[in-house]
Every structure is written in C-alpha cells, then in structure tokens.
Undergrad: 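Handing you a structure now.
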Amino acid sequence: MAGDKDNQLFFSSRLLEWFAQYQRSLPWRENKDPYRIWVSEIMLQQTRVDTVIPYYHRFMEKFPSIDALADAPEEEVLKAWEGLGYYSRARNLQTAVREVKELYGGVVPDQPNEISSLRGVGPYTAGAILSIAFNKPEPAVDGNVMRVLSRFFLIEEDIMKPATRKVMEALVRELIPQGTASDFNQALMELGALVCTPKSPGCLTCPVMEQCAGRIAGQELVLPIKKKAKPPRDEYRIALLIEGNGDNRGRIRIRQRPEDGLLAKMWELPHILLPAGMSYDNNEENRQFIGEQRLAESQNPLVIMEPLMNIDHVFSHIHWFMRVYRCREESVELPSADYGDYTWLAAGERERYAFPNVFVRIMEAYWGK
DNA sequence: CAAGCGTGGCG
DNA sequence: TCGCCAAGCTT
C-alpha cells in the first residue's frame with residue numbers, strides 16, 4: 001500500500017489543499033525566521049501547543065535573537081523555562097545557539113549534518129527546521145506524523161521502536177511533493193493534531209478518508225501500534241521547610257540540584273528519600289533518620305516541628321509521595337552563611353531562582369501566591 | 001535499544 | 001480517579 005504511487009499522490013495533494021484552508025494561526029508561523037522556528041520546535045517536544053504558547057511569547061520577548069540567548073545568564077534561561085518541564089532542553093538550546101555563534105557566525109546552518117550536530121537537535125528537530133524554515137525536502141517525523149502515516153498506510157510496526165521512525169522517514173521522503181516541504185511537513189503534523197487524533201479521530205472531516213487503509217480496515221482506533229510504557233516507580237520523600245533565625249527570619253533554606261540527572265541545576269527545598277519500609281509518620285525513628293541525613297549534609301542540627309502538607313508529583317518515570325515538615329535550624333552560629341549549594345530564600349526572591357513545579361506549589365501553599 | 005528526563009490536560 | 005498522553009533527545 002505504502003508503495004502505491006497513485007495513492008501517495010492522492011494523499012499528498014489532498015493534504016496540502018486541506019492545510020492551506022485549515023491551518024491554525026500560531027505565533028511561530030508568523031515568519032520563517034529559523035531561530036523562531038527552532039525555539040518553537042524545542043518547546044513543542046513532548047509538550048502541547050496550548051501549554052507552549054505563553055512560554056513562547058515570553059521567551060521570544062526576553063531572548064529575541066540568537067545573540068540575546070547566547071549572551072544571557074543560564075539561570076535566566078532556566079527561569080524562563082520554569083514549569084515547562086524537560087529542563088535539559090533549555091540548557092541544551094542555549095549551548096546550541098552558542099555553538100551557532102562560534103561555528104557559523106551566528107547564522108543557523110541549513111545543512112543536515114551541521115544542524116543535526118547542534119546540542120538538543122535530534123532527527124525530528126533537524127528535519128523540522130530544515131523543512132519549515134528552509135523548505136528543504138527532509139522528513140520531520142514526530143508522534144503526529146507516525147500516527148497519521150500508520151493509519152493511512154496501515155503500518156503495524158511499533159512506533160516506540162527507533163527503527164520504525166526510519167521507515168516513516170523513508171516514506172515521507174517519497175511523499176513530499178517538489179518544493180512543498182515546509183507546508184507538507186506542517187500539514188502532516190497539523191492533520192494529526194486537529195483531525196487524526198489519538199482517541200477519537202475525526203475521520204468524517206478528514207481530507208484523505210477515502211483512501212485511508214487503516215480506516216477502510218476498521219483499524220483506525222487500534223493504530224498506531226504502541227508498546228505500553230512502564231509505570232513510574234514510587235518514592236517516599238521527606239521535604240524540609242527550614243525557617244531561618246535572626247537575620248534570616250522569614251527566609252527558608254533552598255538548595256540547587258546537581259548539573260546532571262533529574263531536574264538538573266534547578267532549585268528546591270531540601271528533601272530526603274526514605275528507605276523502603278520506613279513510613280513517614282512524625283515519630284522518633286522518623287525524626288532521628290531525618291536528623292542524621294540532614295547532619296551528614298549540612299553539619300547544622302535541625303528541630304523538626306509539625307508536618308505542613310502532603311504532596312505527590314508524577315514524573316515520567318518516578319512518582320514522588322512527599323511529606324513536608326516545618327523545621328528550624330537549631331544553631332544560630334551559621335545562619336547567614338551560604339554553604340555548598342544551599343542558600344536562604346525570602347518570599348519576594350523567588351524570581352531569582354528556577355524551581356520545579358512541585359516546589360513552587362509547596363512554597364505557594366506556605367507563603368501564598 | 002531501553003531508560004532517563006516534566007508537566008498539565010483530558011476522557 | 002488515573003492512565004495516556006504531546007511537535008523527542010541523550011546516553
């Protein structure tokens with residue numbers, strides 16, 4: 001079916017007609033500035049359009065050019081990304097625009113090997129920039145595209161497997177009509193977003209319904225074939241809302257996460273992973289464990305007061321069950337010193353640090369918005 | 001290749 | 001309520 005030339009021509013021309021009429025007006029479609037396209041593609045990775053739009057406006061206002069982003073302090077970039085998730089995207093994007101300045105004189109390259117070498121630019125994003133901004137006939141295969149193609153051409157490969165994306169890319173190369181790569185790739189994604197949706201596809205309004213092999217076979221709700229993701233593992237954690245004394249009255253302890261791994265370089269309340277089997281009741285065993293862990297880290301004794309709230313937060317691969325205790329530092333000898341990756345935070349200073357969402361919610365519960 | 005890496009919305 | 005996501009990349 002996928003090799004049928006007439007069928008492919010039908011698909012591509014109908015799709016382009018549909019896109020010309022029904023495409024959404026989106027902020028990154030105002031022009032073909034490759035930097036603007038690039039930023040949008042990074043933000044849109046695994047993220048919904050409606051979520052991205054306000055971030056995109058703020059980001060482009062704050063960092064309107066490659067130079068502006070390259071010259072900004074990293075913490076400002078992370079702050080602009082706060083709440084959007086997958087924070088390595090922000091740091092990688094800044095690394096990449098600095099590469100563009102160093103290697104390409106600040107001009108986004110239009111060669112596949114060059115653009116693909118940039119930090120955070122994988123096969124999809126490279127194809128998206130090359131096609132959308134430069135109209136180069138490169139595939140840009142994302143989840144939408146795989147869903148649309150797997151249905152129309154009745155492809156039953158597991159789309160979770162990297163090898164399947166290769167098959168899709170080869171197919172897209174055949175499908176792009178001469179000179180239409182920018183519109184065609186966007187049309188493919190737009191159809192997936194607006195019509196050929198995961199749960200209840202709007203087949204009756206689909207421009208290519210007549211030839212859709214998946215629908216003809218009655219398989220449109222089964223496709224695409226996708227292996228189930230593993231459920232997140234549970235982690236029980238004690239978070240410490242440590243109130244300062246003396247000069248630090250009204251402030252709380254925060255710390256910066258390491259530069260690798262989960263929530264890298266973001267700021268947070270100190271928290272402790274409980275060993276398997278330990279409950280997080282406010283009992284003696286619990287307080288002693290917290291005290292030991294805390295001592296090992298800060299050398300500063302802690303008085304644990306009452307539990308403030310329970311909060312749980314689900315990442316892609318971890319489910320945090322967190323109990324927040326209000327605490328105060330026992331000693332007033334070190335209170336103003338910033339040691340290690342710790343500092344004190346006052347209620348009005350939150351704009352200076354980027355926090356993952358779960359800690360924003362705790363601080364809002366404590367201080368109000 | 002499989003796993004690690006966030007978040008909010010929706011049926 | 002809760003599983004399933006949504007314009008993926010890195011290791």
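Order of the sequence lines sets the chain letters (A, B, ...), proteins ahead of strands, with each chain counted from 1. Predicted model only: the values in this text are computed from it and were never measured.
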Undergrad: If we take the P atom in both B:dG4 and C:dA6, what is their distance in whole Å?
TA: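 These two P atoms come out 22 Å apart once rounded.
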
Undergrad: What's the CD1-P distance between A:Ile159 and C:dC5, to the nearest Å?
TA: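 Those two atoms, CD1 and P, are 8 Å apart.
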
Undergrad: Could you state the atom-to-atom distance from NE2 of A:His319 to C1' of C:dC4 in whole Å?
TA: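 That distance rounds to 15 Å.
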
Undergrad: Is the closest side-chain donor-acceptor distance between A:Arg29 and A:Gln186 under 3.5 Å?
TA: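 Their side chains do contain a donor-acceptor pair, which is all the 3.5 Å distance test asks for.
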
Undergrad: Say we look at B:dG6 and C:dC4: how far apart would their C1' atoms be, to the nearest angstrom?
TA: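 My reading of the C1' atoms in B:dG6 and C:dC4 gives 15 Å.
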
Undergrad: Between P on C:dC2 and CG on A:Asp234, what's the gap in Å once rounded to a whole number?
TA: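 Rounded to whole Å, this separation is 12 Å.
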
Undergrad: Base, sugar-phosphate, or nothing for A:Pro123, non-hydrogen atoms under 4.0 angstrom?
TA: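 It contacts sugar-phosphate atoms only.
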
Undergrad: Check whether any side-chain nitrogen or oxygen of A:Arg119 sits under 4.0 Å from OP1 or OP2 of C:dT11, and answer yes or no.
TA: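 Looking at the OP1 and OP2 atoms of C:dT11, one of them is under 4.0 Å from a side-chain N or O of A:Arg119.
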
Undergrad: Remember a base hit wins even if backbone is also touched, and classify A:Arg147 as base, sugar-phosphate or nothing at under 4.0 Å, heavy atoms.
TA: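 The residue A:Arg147 makes sugar-phosphate contact but no base contact.
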
Undergrad: Which heavy atom of A:Tyr86 sits nearest a heavy atom of A:Ser316, and at what distance?
TA: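 Answer, listing the atom of A:Tyr86 first, then A:Ser316: OH-OG, 3.2 Å.
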
Undergrad: What does A:Trp28 touch in the nucleic acid at a heavy-atom separation under 4.0 angstrom: a base, only the sugar-phosphate, or nothing?
TA: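 It contacts base atoms.
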
Undergrad: Using a cut-off of less than 4.0 Å, is there contact between a side-chain N or O of A:Thr47 and OP1 or OP2 of B:dG6?
TA: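 Answer no for this pair, as no side-chain N or O of A:Thr47 is under 4.0 Å from OP1 or OP2.
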
Undergrad: If you restrict it to nitrogen or oxygen atoms, what contacts under 3.5 Å exist between nucleotides 1-4 of chain B and the protein, and what is each distance?
TA:
residue : atom : partner  : partner atom : Å
B:dC1   : OP2  : A:Pro162 : N            : 3.2
B:dC1   : OP2  : A:Ala163 : N            : 3.1

Undergrad: Using a 4.0 Å heavy-atom cut-off, does A:Ser40 contact any base of the nucleic acid, only the sugar-phosphate backbone, or nothing at all?
TA: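 No contact at all - A:Ser40 keeps every heavy atom at 4.0 Å or more from the nucleic acid.
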
Undergrad: For A:Gln46 and B:dT7, give me the distance from atom CD to atom C1', rounded to whole Å.
TA: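 Those two atoms, CD and C1', are 11 Å apart.
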
Undergrad: Taking all non-hydrogen atoms of both residues, which atom of A:Tyr35 and which atom of A:Ile66 are closest, and how far apart?
TA: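 Distance-wise, the nearest heavy atoms are CD1-CG1, 3.5 Å.
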
Undergrad: What are the two closest heavy atoms between A:Ile37 and A:Trp28, and how far apart are they?
TA: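 Scanning both residues, the minimum pair turns out to be CD1-O, 3.6 Å.
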
Undergrad: For A:Lys32, does the NZ atom have more than 12 heavy-atom neighbours from other residues, nucleotides or ligands under 6.0 Å away?
TA: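 It does: A:Lys32 NZ has more than 12 such atoms within range.
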
Undergrad: Give each protein N/O atom lying under 3.5 Å from an N/O atom of nucleotides 8-11 of chain B, with the pair distance.
TA:
residue : atom : partner  : partner atom : Å
B:dG8   : OP1  : A:Asn357 : ND2          : 2.6
B:dG8   : OP2  : A:Asn357 : OD1          : 3.2
B:dG8   : N2   : A:Arg48  : NH1          : 2.4

Undergrad: Could you walk me through whether A:His57 and A:Phe59 pass the ring pair (Phe, Tyr, Trp, His ring centres under 6.0 Å) check?
TA: CA-CA 6 Å; A:His57 285 305; A:Phe59 196 92; over 10 Å; no

Undergrad: Cluster question for you: counting only ILVMFWY and a side-chain heavy-atom cut-off of under 4.5 Å, with indirect links fine, are A:Tyr124 and A:Tyr56 together?
TA: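 Cluster IDs for A:Tyr124 and A:Tyr56 differ.
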
Undergrad: Could you give the CG-to-C1' distance, from A:Asp312 to C:dG3, as a whole number of Å?
TA: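 So the CG-C1' distance, A:Asp312 to C:dG3, works out to 15 Å.
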
Undergrad: Give A:Leu263 one of three labels, base, sugar-phosphate or nothing, depending on what nucleic acid heavy atoms sit under 4.0 Å from its own.
TA: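 Contact class for A:Leu263: sugar-phosphate only.
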
Undergrad: In this structure, how many angstroms lie between the P atom of B:dG6 and the CZ atom of A:Arg89, rounded?
TA: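 Rounding to the nearest Å, CZ of A:Arg89 and P of B:dG6 are 9 Å apart.
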
Undergrad: How far apart are the closest heavy atoms of A:Tyr104 and A:Ser117, and which atoms are they?
TA: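 Scanning both residues completely, I find the closest heavy atoms to be OH-OG, 4.2 Å.
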
Undergrad: For atom CZ of A:Phe321, decide whether the heavy atoms of other residues, nucleotides or ligands shown that lie under 6.0 angstrom number more than 12.
TA: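 Result for CZ/A:Phe321: enclosed.
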
Undergrad: Given B:dC5, B:dT7, C:dG8, which nucleotide is nearest the side-chain atoms of A:Asp142?
TA: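 Within the option list, the nearest is C:dG8.
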
Undergrad: Counting the atoms with a prime plus P, OP1 and OP2 as sugar-phosphate, which does A:Arg91 contact under 4.0 Å by heavy atoms, base, sugar-phosphate, or nothing?
TA: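 No contact.
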
Undergrad: Classify the ring geometry between A:Phe152 and A:Phe11 as parallel (under 30°), tilted (30 to 60°) or perpendicular (over 60°).
TA: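 Taking A:Phe11 first and then A:Phe152, their aromatic rings sit tilted (interplane angle of 30° to 60°).
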
Undergrad: So which atom in A:Glu76 and which in A:Phe63 form the shortest heavy-atom distance, rounded to 0.1 Å?
TA: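 In terms of heavy atoms, the two residues are closest at O-CZ, 3.9 Å.
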
Undergrad: Mind listing the closest non-hydrogen atom pair of A:Ser150 and A:Arg147 along with its distance?
TA: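 That closest heavy-atom pairing would be OG-O, 3.0 Å.
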
Undergrad: So if I take every side-chain heavy atom of A:Pro198 and compare against C:dC5, C:dA6, B:dT7, which nucleotide ends up nearest?
TA: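 Out of C:dC5, C:dA6, B:dT7, the nucleotide with an atom closest to A:Pro198's side chain is C:dA6.
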
Undergrad: For A:Ile318 and B:dC5, what is the distance between atoms CD1 and P respectively, to the nearest whole Å?
TA: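 Atom-to-atom, A:Ile318 to B:dC5, this comes out as 6 Å.
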
Undergrad: Going by heavy atoms closer than 4.0 Å, what residues in residues 175-197 of chain A are next to DNA chain C?
TA: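 DNA chain C contact set from residues 175-197 of chain A: A:Met189.
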
Undergrad: Select base, sugar-phosphate, or nothing to describe what A:Arg29 touches, counting heavy atoms under 4.0 Å on all strands.
TA: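 Base: the residue A:Arg29, judged by heavy atoms under 4.0 Å, touches a nucleobase.
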
Undergrad: For A:Glu235 and B:dG6, what is the distance between atoms CD and P respectively, to the nearest whole Å?
TA: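 Interatomic distance, CD of A:Glu235 to P of B:dG6: 13 Å.
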
Undergrad: Which part of the nucleic acid, if any, lies within reach of A:Val52 when heavy atoms closer than 4.0 Å are counted: base, sugar-phosphate only, or nothing?
TA: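 Here A:Val52 touches no strand at all.
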
Undergrad: Tell me, do A:Ile311 and A:Val358 make a side-chain contact under 4.5 Å, heavy atoms counted?
TA: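 Yes, side chains in contact.
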
